[in-house]
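One structure below.
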Amino acid sequence: MPELPEVETTRRGVAPWCLGEVVEALVVREPRLRWPVPPRLGQQLVGQRIEAIDRRGKYLLFRTAAGSLLVHLGMSGSLRVVDAGQLPGRHDHIDIRLQSGACLRYHDPRRFGCFLWLEPGELHPLLSQLGPEPLAAEFDGDHLFRLSRGRTSAVKSFIMDAKVVVGVGNIYANEVLFLSGIHPRRAAGRVSQARYQILGNNIKQVLTSAVEQGGTTLRDFVGGDGKPGYFAQRLYVYGRGGEDCKACGSRLREIRLGQRTTVFCVTCQR
DNA sequence: CGCTGACCCTGACGGC
DNA sequence: TGCCGTCAGGGTCAGC
């Protein structure tokens, strides 16, 4: 599912159809998402003008004068612009119909995503604990180094912790650790400051590049405009367990770490 | 406080 | 062909 670049790609894809538009109707066919879709969401959203679409980590925020719609795509969610006349398919759970005739359609087979409402100025608990944006200036290797002191959990789990930094999901965690030469199971507290500088820089570089490429296409991901991303061709380790390391030729090893598949090179990563 | 594992849900895929 | 186990890009939560 979407990691940060996919969410950003979705944001950019849908924005041209949404900004300045008034919501005509909210159609909820299936309210059972990660949390139930609030019954009052329609009343809150309909009639409002979408003034901005922001992203915080992997959350999207549709801003209106009355409050904000908070959307998370979960593992399998997508948001696409379709013509209002297009019939919904299986797992097309929610439509946001705009007065222009366009329709934002939320599709999510696994239903791990969410649609929630935020009052103006409300700091939702889901957002209040989040760490810095990886592409912001306040995130860097020093931030990782400081937070990691004394931590015994694996550095891979550490960088995937949204309280540490948002937006680093399983694909990019694997990639970034490979590029940094760091063993994913190494204790976070036992990675040097110098290596965290490298890791921090690689997180910024890889996510920036992935956003520019339009995200990573795996299985069914498509951006808001329906076009697939092209980052998948550039993956070094994710999905390549048992294959040869592109740097040294060793066979890539695959392990489970915090219930997530982890792929790394025993030669390149220490 | 930090860490681990269960859990939420559907679908795809491989082995038998 | 079907059945079964496993796995999938997310995150929360309880328990230690």
Side-chain angles (χ1 to χ4, degrees), chain A residues 1-10 29-37 55-60 70-79 89-94 106-116 124-131 134 146-177 184-190 206-207 210-211 213-223 228-242 254-263:
Chain A
M1 162 328 129
E3 298 199 27
L4 185 147
E6 286 73 17
V7 178
E8 179 62 19
T9 298
T10 297
R29 295 180 203 85
E30 172 57 88
R32 295 175 303 166
L33 303 185
R34 178 68 172 81
W35 295 282
V37 177
R55 180 187 57 73
R56 179 73 176 96
K58 296 171 191 166
Y59 292 92
L60 289 171
L70 178 65
V71 176
H72 196 290
L73 302 177
M75 211 65 144
S76 57
S78 64
L79 212 45
R90 189 163 161 75
H91 304 307
D92 285 343
H93 303 315
I94 300 174
Y106 177 70
H107 174 87
D108 187 4
R110 294 177 72 181
R111 295 190 274 116
F112 286 173
C114 67
F115 268 58
L116 297 171
H124 197 279
L126 289 170
L127 304 180
S128 67
Q129 305 271 50
L130 295 179
R146 266 183 269 111
L147 277 189
S148 64
R149 292 309 88 184
R151 306 268 297 242
T152 56
S153 64
V155 63
K156 176 165 179 267
S157 305
F158 175 71
I159 61 170
M160 289 179 70
D161 181 350
K163 292 195 278 299
V164 174
V165 57
V166 297
V168 182
N170 198 34
I171 298 178
Y172 299 112
N174 279 298
E175 293 303 306
V176 149
L177 288 169
R185 208 157 45 189
R186 172 174 287 272
R190 310 192 80 202
V206 167
L207 290 180
V211 168
Q213 301 290 316
T216 303
T217 289
L218 291 172
R219 299 183 180 82
D220 56 359
F221 175 75
V222 287
Y230 292 95
F231 197 73
Q233 304 150 22
R234 305 182 44 183
L235 297 176
Y236 285 95
V237 289
Y238 182 83
R240 299 192 62 243
E254 188 168 308
I255 60 173
R256 298 287 289 178
L257 213 160
Q259 5 265 69
R260 303 266 164 182
T261 296
T262 302
V263 187

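Here the structure is a predicted model, which means the values were calculated and not measured. Proteins come first, then strands; the chains are lettered A, B, ... in the order of their sequence lines, and each starts at number 1.
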- Nearest whole angstrom, please: distance from the P of B:dC3 to the NZ of A:Lys156. 16 Å
- Message: What contact category does A:Arg90 fall into here, base, sugar-phosphate, or nothing, at under 4.0 angstrom with non-hydrogen atoms?
- Response: sugar-phosphate
- Task: Nearest whole angstrom, please: distance from the P of C:dT12 to the CZ of A:Arg260.
- Result: 12 Å
- Message: Taking 5.5 Å and 30° as the limits, would you call A:Phe112 and the base of B:dC9 a stacked pair?
- Response: no
- Atom-to-atom span, CD of A:Glu30 to C1' of B:dC8 - whole angstrom: 13 Å
- Can any side-chain N or O of A:Asn174 pair as donor or acceptor with the backbone N or O of A:Val237 at less than 3.5 Å? no
- Main-chain N/O of A:Tyr236 paired to A:Glu175 side chain as donor or acceptor, under 3.5 Å: yes
- Taken in chain and number order and not counting sequence neighbours, the residues that satisfy side chain to side chain contact (heavy atoms under 4.5 Å, CB included) with A:Arg90 are none
- Query: Given the P atoms of B:dC9 and C:dC13, what is the spacing between them in whole Å?
  - Reply: 15 Å
- So the stems of DNA chain B, runs of at least three Watson-Crick or G-U pairs (under 3.5 Å), are B:2-8 with C:10-16, B:10-16 with C:2-8
- Message: Under 4.0 Å, counting only non-hydrogen atoms across every strand here, what does A:Arg32 touch: a base, just sugar-phosphate, or nothing?
- Response: nothing
- Query: Starting at CZ of A:Arg256 and ending at C1' of C:dG5, how long is that distance when rounded to a whole Å?
  - Reply: 13 Å
- Query: Please give, in whole Å, the distance from C:dT12 C1' to A:Trp35 CH2?
  - Reply: 6 Å
- List for me each residue that meets salt bridge (Lys or Arg N to Asp or Glu O under 4.0 Å) alongside A:Arg29, sequence neighbours excluded, and say none if there are none. A:Asp95
For nucleotides 4-7 of chain B, list the nitrogen or oxygen atoms of the protein found under 3.5 Å from its nitrogen or oxygen atoms, one pair per line.
residue: B:dA6; atom: N7; partner: A:Gln259; partner atom: NE2; Å: 3.0

- Keeping the roles fixed (side chain from A:Glu8, backbone from A:Val211), state whether a donor-acceptor pair exists under 3.5 Å. no
- Backbone N/O of A:Arg110 and side chain of A:Ser76: donor-acceptor pair under 3.5 Å: yes
- Query: In whole Å, what is the span from the CG atom of A:Leu147 to the C1' atom of B:dC1?
  - Reply: 13 Å
- Message: It should be established whether A:His91 places a side-chain nitrogen or oxygen under 4.0 Å from OP1 or OP2 of nucleotide B:dC9.
- Response: no
- Check the distance between B:dC8's P and A:Leu126's CG and give it to me in whole angstrom. 19 Å
- Message: So, does A:Arg151 get its side chain near the phosphate of B:dC3, meaning an N or O under 4.0 Å from OP1 or OP2?
- Response: yes
- Note on the structure: Sequence neighbours excluded, the answer for salt bridge (Lys or Arg N to Asp or Glu O under 4.0 Å) partners of A:Glu30 is A:Arg32
- Note on the structure: Taking B:dC9, B:dG11, C:dT12 as options, the one with an atom nearest any side-chain atom of A:Arg111 is B:dC9
- Query: Any sub-3.5 Å donor-acceptor pair from A:Arg149's side-chain atoms to A:Gly189's backbone N or O?
  - Reply: yes
- Message: Can you measure A:Ile159 atom CD1 to B:dC3 atom C1' for me and round it to whole angstrom units?
- Response: 17 Å
- Item | Nearest-nucleotide 5' precedence on DNA chain C, A:Gly167 against A:Arg110 | A:Arg110
- Determine whether A:His72 and A:Leu116 make a side-chain contact, defined as any pair of heavy atoms from C-beta on separated by less than 4.5 Å. no
- Task: Tell me, please, which residues at least two apart from A:Pro36 pass side chain to side chain contact (heavy atoms under 4.5 Å, CB included).
- Result: none
